[in-house]
Enquirer: 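One structure, as structure tokens, below. Some questions next.
Just so we're clear, the structure is a prediction, and the values are computed from it rather than from any experiment. We count ligands from 1, going down the list as the structure has it; atoms in each ligand are counted the same way. The first residue in the sequence is number 1, and the count goes up from there.
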Amino acid sequence: MTQANHPPQHVAIIMDGNGRWAKKRGLPRLLGHRAGGENMRPVARIFADCGVRYLTLYAFSTENWSRPRTEVSGLLSLLSRKIDQETQAFHEENIRLVHLGRQDRMSERLRKKVRAAVELTRNNTGLTLCLAFDYGGRDEIAGAARRIVDAGIRGDDIDESVVARYLRLPDVPDPDLVIRTGGESRLSNFLLWQAAYSELYFTAVLWPDFGPQDVEEALSEYERRQRRFGRI
Ligand code: FPP
């Protein structure tokens, strides 16, 4: 008999489908993003209650800068507003907030807000919520290569553990489960290094509709998967 997996320690989600959620209702896309933003804390709560220790949410990719200007600025304002309105609630829920991605392309004001939210919650002991914003897997790996060269590490001394140490969040374990909502089946430059052996779960449910039942389905599907990590 095969044994069921433990709850995943780290779940990572590609929150896709906000635009279609809005379109179905005849609303502007940004209202879809707003609805998606409102779903982040409740979903984080459910995963935390199921024993998940790390949750990474993909909110803005390095490629998303090429969306129309109004959508980009809407997403940046949404991030800013979410930090203002919800950091305290995350803090009270003992959630530790971490930012994953670049900070050099956001305004000084937004960068300070992000850093303050991370600082306020840094000693919290509950779920670690990594918000991937201006994140791309290839960008992260290229950055790790740059930092390895800058540290003067010789080619012969570079192995997988060295590269992993130079990624942005070396202390966060690799995701056990990557979920993508919205019906597409691809990784879209998300956690390319870290997801090497993640279980992938795709659902057609649009992100703003992703609720407790969907979490349960994803986790029970994960439980049934046989993880072999290249072994037999
Ligand atoms: C993909 O849906 C979603 C995004 C590119 C943004 C995800 C953002 C949120 C869930 C909320 C924002 C939160 C913060 C903190 C900024 P899509 O627009 O590609 O949807 P579509 O495929 O239906 O068009």
Enquirer: Nearest protein heavy-atom contact for atom 17 (P) of ligand 1: which residue, which atom, what distance?
Expert: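 The closest one turns out to be Asp16 OD1, 3.5 Å.
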Enquirer: Specify the protein heavy atom at minimum distance from atom 6 (C) of ligand 1: its residue, its atom name, and the distance to 0.1 Å.
Expert: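 The closest heavy atom on the protein side is Ala59 O, 3.2 Å.
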Enquirer: Look at atom 4 (C) of ligand 1 and say which protein heavy atom is nearest, naming residue and atom and giving the distance to 0.1 Å.
Expert: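 Its nearest protein heavy-atom neighbour is His33 CE1, 3.8 Å.
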Enquirer: Ion pair present between Glu140 and Arg102, side-chain N to carboxylate O less than 4.0 angstrom?
Expert: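 Salt bridge flag = no for Arg102 with Glu140.
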Enquirer: Using heavy atoms and a 4.0 Å limit, tell me yes or no: is Trp21 in contact with ligand 1?
Expert: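 So Trp21 does not count as touching ligand 1.
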Enquirer: Closer than 4.0 Å to some heavy atom of Leu75 - which atoms of ligand 1 meet that?
Expert: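 It comes down to these atoms of ligand 1: 16 (C).
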Enquirer: Are side-chain N/O atoms of Asn189 and Glu63 paired as donor and acceptor at under 3.5 Å?
Expert: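 Side-chain D/A pair, Asn189 to Glu63: present.
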Enquirer: For atom 13 (C) of ligand 1, what's the nearest protein heavy-atom neighbour? Residue, atom name and distance, please.
Expert: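 Sorting protein heavy atoms by distance from atom 13 (C) of ligand 1 puts Met40 SD, 3.7 Å first.
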Enquirer: Should you measure from each heavy atom of Asn64, which atoms of ligand 1 turn up under 4.0 Å away?
Expert: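 So the atoms of ligand 1 that pass are 5 (C).
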Enquirer: Below 4.0 Å from ligand 1: does a non-hydrogen atom of Gly182 turn up there or not?
Expert: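 Heavy atoms of Gly182 never come under 4.0 Å of ligand 1.
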Enquirer: Is there a polar contact, in the sense of an N or O pair closer than 3.5 Å, between Gly36 and ligand 1?
Expert: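 The answer is no, given that Gly36 and ligand 1 share no N or O pair closer than 3.5 Å.
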Enquirer: Is there side-chain contact between Lys113 and Arg81, with heavy atoms separated by less than 4.5 Å?
Expert: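 In short, these two side chains do not touch, never coming nearer than 4.5 Å.
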Enquirer: Enumerate the atoms of ligand 1 whose separation from the nearest heavy atom of Leu78 is less than 4.0 angstrom.
Expert: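 The list of qualifying atoms is 12 (C).
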Enquirer: Identify whether the distance between the nearest side-chain nitrogen and carboxylate oxygen of Arg225 and Glu221 falls below 4.0 Å.
Expert: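 Salt bridge: yes.
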Enquirer: Look at atom 15 (C) of ligand 1 and find which of Leu79, Thr181, Leu76, Ile83 reaches it with the closest heavy atom.
Expert: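 Closest candidate by heavy-atom distance is Leu79.
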Enquirer: Would you call Asp139-Arg168 a salt bridge at under 4.0 Å N-O?
Expert: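 Looking at Asp139 and Arg168, the cut-off is met.
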Enquirer: Is there side-chain contact between Leu120 and Phe90, with at least one heavy-atom pair below 4.5 Å?
Expert: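 Leu120 does not reach Phe90 side chain to side chain.
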Enquirer: Taking only heavy atoms of Arg20 into account, list the atoms of ligand 1 that are under 4.0 Å away from them.
Expert: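 Those qualifying, in numeric order: 21 (P), 22 (O), 23 (O).
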Enquirer: Which residue and atom name correspond to the protein heavy atom nearest atom 3 (C) of ligand 1, and how close is it?
Expert: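 The closest one turns out to be Met15 O, 3.2 Å.
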Enquirer: Among all protein heavy atoms in this structure, tell me which lies nearest to atom 10 (C) of ligand 1, with the distance rounded to 0.1 Å.
Expert: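 Looking at atom 10 (C) of ligand 1, the protein heavy atom closest to it is Asn18 ND2, 3.3 Å.
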Enquirer: Would you mind listing which atoms of ligand 1 come within a distance below 4.0 Å of any non-hydrogen atom of Gly19?
Expert: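 That gives atoms 17 (P), 18 (O), 20 (O), 21 (P), 23 (O), 24 (O) of ligand 1.
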Enquirer: Between the side chain of Arg147 and the main-chain N/O of Tyr166, is any donor-acceptor distance below 3.5 Å?
Expert: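 Yes, Arg147 side chain to Tyr166 backbone: donor-acceptor pair under 3.5 Å.
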Enquirer: Tell me whether Arg111 is salt-bridged to Asp104, with the criterion being a basic N under 4.0 Å from an acidic carboxylate O.
Expert: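 Between Asp104 and Arg111 there is no salt bridge, as every charged N stays at least 4.0 Å from the carboxylate O atoms.
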Enquirer: If the cut-off is 4.0 Å to any non-hydrogen atom of Gly37, which atoms of ligand 1 fall inside it?
Expert: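 Counting from 1, the qualifying ligand atoms are 11 (C).
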Enquirer: Establish, yes or no, whether the cationic atom of Arg67 lies under 6.0 Å from the six-membered ring centre of Trp65 and within 45° of the ring axis.
Expert: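 No, Arg67 and Trp65 do not form such a contact.
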Enquirer: What part of Arg67, side chain, backbone, both or neither, has a heavy atom within less than 4.0 angstrom of ligand 1?
Expert: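 For Arg67, the contact with ligand 1 is made by the side chain alone.
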Enquirer: Could you tell me whether Arg146 and Asp150 have a side-chain N and a carboxylate O separated by less than 4.0 Å?
Expert: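 No, this pair does not count.
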Enquirer: Could you establish whether Arg29 and ligand 1 come within less than 4.0 Å of each other, counting only heavy atoms on the residue side?
Expert: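 Right, Arg29 reaches ligand 1.
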Enquirer: Check the surroundings of atom CD in Glu160: do more than 12 heavy atoms from other residues, nucleotides or ligands lie under 6.0 Å from it?
Expert: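 Counting neighbours around CD of Glu160, 12 or fewer heavy atoms of other residues, nucleotides or ligands fall under 6.0 Å, so no.
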Enquirer: Taking 4.0 angstrom as the limit and counting only heavy atoms of Lys82, give me the atoms of ligand 1 inside it, by number and element.
Expert: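 Near Lys82, meaning under 4.0 Å from one of its heavy atoms, ligand 1 has 15 (C).
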Enquirer: Search all heavy atoms of Ser188 against all heavy atoms of Tyr58 and return the closest pair with its distance.
Expert: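 Ser188 and Tyr58 have their closest heavy atoms at O-OH, 3.0 Å.
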Enquirer: Please could you name the atoms of ligand 1 that Trp207 approaches to less than 4.0 Å, counting only its heavy atoms?
Expert: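 Every atom of ligand 1 under 4.0 Å from some heavy atom of Trp207: 10 (C).
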